[in-house]
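If you're wondering where the values come from, they're calculated on a predicted model, not measured in any experiment. Every number for a ligand or one of its atoms is a count from 1 in the order of the listing.
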Amino acid sequence: MQNSATPTHCPYCALQCGMNLTPAADGTVEVSERADFPVNRGALCGKGRTAPAVLSSRVRLTSPLVREGGVLVPATWDEALDRIAAHLTRVRAEHGPDALGVFGGGGLTNEKAYALGKFARVVLGTSQIDYNGRFCMSSAAAAGTKAFGLDRGLPFPLEDIPRTGCVILVGSNLAETMPPALRFLTELKENGGTLVVIDPRRTRTAEQADLHLAPRPGTDLALALGLLHLVVAEGRVDEEYVAERTSGWTEARAAAMAHWPEYVERITGVPVPRLREAVRMFCEPEAAMVLTARGPEQQSKGTDTVGAWINLCLATGRAGRPLSGYGCLTGQGNGQGGREHGQKADQLPGYRKLTDPEARRHVAEVWGVDPDSLPGPGRSAYELLDALGTDIRTLLLMGSNPVVSAPRAAHVEERLRSLEFLAVCDVVLSETAELADVVLPVTQWAEESGTTTSLEGRVLLRRRAITPPDGVRSDLEVLRELADRLGVEKGFPADPEEVFEELRRASAGGLADYSGISYGRLAEEGGVFWPCPAGDTGDHPGTPRLFLDRFATEDGRARFVPVSHRPAAEEPDDEYPVLLTTGRVVAQYQSGAQTRRVDELNAAAPGPFVELHPRLAARLGAAEGDPVAVVSRRGRAVAPARITTGIRPDTVFMPFHWPGEGRANTLTNPALDPTSRMPEFKVCAVRVETVSAADTANAAEAGEAAEAGDAVEAGNAVVAAS
Ligand SMILES: Nc1nc2c(c(=O)[nH]1)N[C@H]1C(S)=C(S)[C@@H](COP(=O)(O)OP(=O)(O)OC[C@H]3O[C@@H](n4cnc5c(=O)[nH]c(N)nc54)[C@H](O)[C@@H]3O)O[C@H]1N2
Ligand SMILES: Nc1nc2c(c(=O)[nH]1)N[C@H]1C(S)=C(S)[C@@H](COP(=O)(O)OP(=O)(O)OC[C@H]3O[C@@H](n4cnc5c(=O)[nH]c(N)nc54)[C@H](O)[C@@H]3O)O[C@H]1N2
Ligand code: SF4
Ligand SMILES: [Mo]
């Protein structure tokens, strides 16, 4: 075992903070500052600092489990793997390859995501694979691809942020979701730049803003169109840039002009003077940026909404120019790379399309198979989960915990239970693993090497720093063993570097070209931005900044999209008069499978809560800490009230990190965006009740509390208080 410090990266979010790991004599692992990584310069949030706690055998799995007489019992690796292989073989023989489902995750390394996609298509021959990234940034990815011909979360490094003139941050609570990145916004302000935050809640991030707009959830599309209308009306369009570098302005302009500021105020609750102020802040400096996160994206119109924000950037000449641009703050550790290398339903490695004959030919050649043997595109994540137990009869799941994190989770849980066979690879016994027929315990970030691609598009090397405990194997070993048992003996190496070497070849010539990147280079340089083609010399420097000369479209021009506002899939009514939105708190990560096993994090964030405005609380008769029930058409969740003036009175907020009674996703609406197939996590209609007297009288009162006029005025009060 190594005793010196190994430089690596955090297992959690897309910031991929650098850290050093040192094994201690008592078997634990120490985290220390790694100042050379420019993104976090040594700083870590509580989750990153405490990540080694999950390496402990006290909380993790160290033996495969198989279901016997209804309960999970320890088994040998051979028994567990044989059982999975036998079920996959039988079901495929009886019902065809598409009866086998595969579900991946954006936390998996590039190597794992690549191998999982290849396993599904080459070994199983199934089209039915997708992953949790569909729940994350798929709307921004779709909009970026439409407008720019390429989707890379940020087209510039984070270090550009402090040097621009204005940042509009739409639906990101960076201060809690990527704490070390808050520094870039603080520096922006120190340099004289301005920060506009758009969030229905006055978050820790919004508190930093020069201007906080608090729209009604689900109305960002109208808001962006209203700003564009004002840009036109105030003569702030960069006509020269529009003529030289874009197409489609006439139609997009016409669509925006239908969104009068007063109309937008009525929809969003944001007063017209505030809209004008935002336009002024955005347009006056020489350079400016729009950054979106899950707030505007996790909507059934997320793709159009991001498109509208991109339109604003294009009309004002703020894309593909130094220190200007649109970017999406991708979420998971490998949220970016995880969407590039083939675990997505419609995709082949290198961000290639499964429907493109040339892409199929190229990848099939690397894989040594006939292009015609590759299946076509499958279903999106929610549609796949919804089909479990019908035409999909078995599921292999790696890197997600949908029992907690999927929309309409009670239904998804029921679908998982209805499967003939469920196999889960995880590091802990997650709520989803608890339902499995076989659970395989896998190695973790600190125990294996692999690459991730951060939200900046920077490919990074995570290095093995410690020896895994007995009893666990890596995801790559699992795939190799299963491939072997299913009769594919070659093409699934367990060594991550070997997988990466193949990924390089498979990605060569694709949009996300990694062919010029190697483990050696990553170790030496600390990270390389894609695209990085191998070229003839193999010394391509990588591409920190995209689109400066041309966009990645055929004609090199960015494309405006003509979009119009539309309501959320589910708007409040008499029965469900309040809006529910959901999101995160700083001390827990995602479904909580990992962070709920860390004492320090549980002490900081012990359980779910319902954030509500004092006026709504008063009408319900709920006091701070009282249990309240939130009821939607999908179900009912109960959690303590947290009363704050920092939320609109027509809206309640719940974090989604917990299972059980307080599970936010019991309530959420699986309405999908037509392009990205992203579910509407950020808006649904609910009724809020006190638990002791959950009678109809209360429900009716809650109805009054959220009548439109009242709510919008109150929303403005939140804004005015800023
Ligand atoms: N602590 C912590 N950090 C994380 C994660 C975690 O689970 N915990 N997860 C990681 C991942 S995978 C992701 S995707 C990112 C997510 O990072 P963020 O997008 O910052 O996180 P969220 O809390 O989901 O949503 C951000 C904000 O959107 C606001 N919002 C809600 N509805 C709307 C709306 O209709 N419009 C607008 N404009 N805003 C709205 C919410 O009030 C919330 O403050 O975080 C990453 N980092
Ligand atoms: N209501 C609501 N729901 C949401 C969201 C929201 O804002 N609101 N956000 C959505 C978003 S953006 C996301 S990204 C999803 C995330 O939700 P999930 O997909 O559930 O993500 P995690 O909780 O990170 O689950 C990862 C699982 O994989 C395990 N794991 C970690 N590393 C590895 C590994 O290397 N190999 C294997 N085999 N397993 C591993 C972990 O222990 C954990 O059980 O939730 C979505 N759900
Ligand atoms: S901000 Fe994200 S990457 Fe950095 S330490 Fe926290 S969880 Fe890890
Ligand atoms: Mo995410």
- Query: In ligand 1, which numbered atoms sit nearer than 4.0 Å to a non-hydrogen atom of Asp220?
  - Reply: 34 (C), 35 (O), 36 (N), 37 (C), 38 (N)
- Atom CG in Asp220, atom CD1 in Ile267: separation rounded to 0.5 Å?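 So the CG of Asp220 and the CD1 of Ile267 are separated by 12.0 Å.
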Any idea which atoms of ligand 2 are less than 4.0 Å away from a heavy-atom of [X]?
| X | result |
| --- | --- |
| Val427 | 42 (O) |
| Ser430 | 44 (O) |
| Met398 | 38 (N) |
| Val442 | 36 (N), 37 (C), 38 (N) |
| Val428 | 42 (O) |
| Asn132 | 18 (P), 19 (O), 21 (O) |
| Cys425 | 37 (C), 38 (N), 39 (N) |

- Message: Restricting to salt bridge (charged side-chain N to carboxylate O under 4.0 Å, His left out), what partner residues turn up for Lys47, sequence neighbours left out?
- Response: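 Scan of Lys47 (salt bridge (charged side-chain N to carboxylate O under 4.0 Å, His left out), adjacent residues dropped) gives none.
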- Message: If the condition is salt bridge (charged side-chain N to carboxylate O under 4.0 Å, His left out), which residues does Lys682 pass it with, not counting sequence neighbours?
- Response: none
Which residue and non-hydrogen atom of the protein lie closest to [atom], and at what distance in Å?
| atom | value |
| --- | --- |
| atom 46 (C) of ligand 2 | Ser405 O, 3.6 Å |
| atom 8 (N) of ligand 2 | Thr582 OG1, 2.9 Å |
| atom 12 (S) of ligand 2 | Arg584 NH2, 3.0 Å |
| atom 16 (C) of ligand 2 | Gln590 NE2, 3.4 Å |
| atom 31 (C) of ligand 2 | Gln594 NE2, 3.7 Å |
| atom 29 (C) of ligand 2 | Asp426 OD1, 3.1 Å |
| atom 23 (O) of ligand 2 | Ser591 OG, 2.5 Å |
| atom 1 (N) of ligand 2 | Asn665 OD1, 2.8 Å |

Report the part of [X] (side chain from C-beta onward, or backbone N, CA, C, O) that has a heavy atom under 4.0 Å from ligand 2; answer both or neither where that applies.
| X | answer |
| --- | --- |
| Asn401 | both |
| Gln444 | neither |
| Ser400 | both |

- Message: Under 4.0 Å between a side-chain nitrogen and a carboxylate oxygen: does that hold for Arg464 and Glu447?
- Response: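 Salt bridge between Arg464 and Glu447, a charged N being under 4.0 Å from a carboxylate O: no.
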- Message: For Gln208, run the side chain to side chain contact (heavy atoms under 4.5 Å, CB included) check against Leu185, Leu182, Leu169 and tell me which one passes.
- Response: Leu182
- Item | Arg642 NZ/CZ over Phe609 ring centroid, <6.0 Å and within 45° of normal | yes
- Task: Report yes if Leu108 has an N/O atom closer than 3.5 Å to an N/O atom of ligand 2; otherwise report no.
- Result: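 The answer is no, given that Leu108 and ligand 2 share no N or O pair closer than 3.5 Å.
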- Is Asp475 in contact with ligand 2, taking contact as a heavy-atom separation below 4.0 Å? yes
- Query: Are any of the N/O atoms in Arg294 less than 3.5 Å from those in ligand 1?
  - Reply: yes
- Message: Side chain or backbone, does Val586 bring an N or O within less than 3.5 Å of an N or O on ligand 1?
- Response: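 Yes, since at least one N or O of Val586 sits under 3.5 Å from an N or O of ligand 1.
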- Task: Check whether any side-chain heavy atom of Pro496 lies under 4.5 Å from a side-chain heavy atom of Leu476, and answer yes or no.
- Result: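 Heavy-atom side-chain distance check passes, below 4.5 Å.
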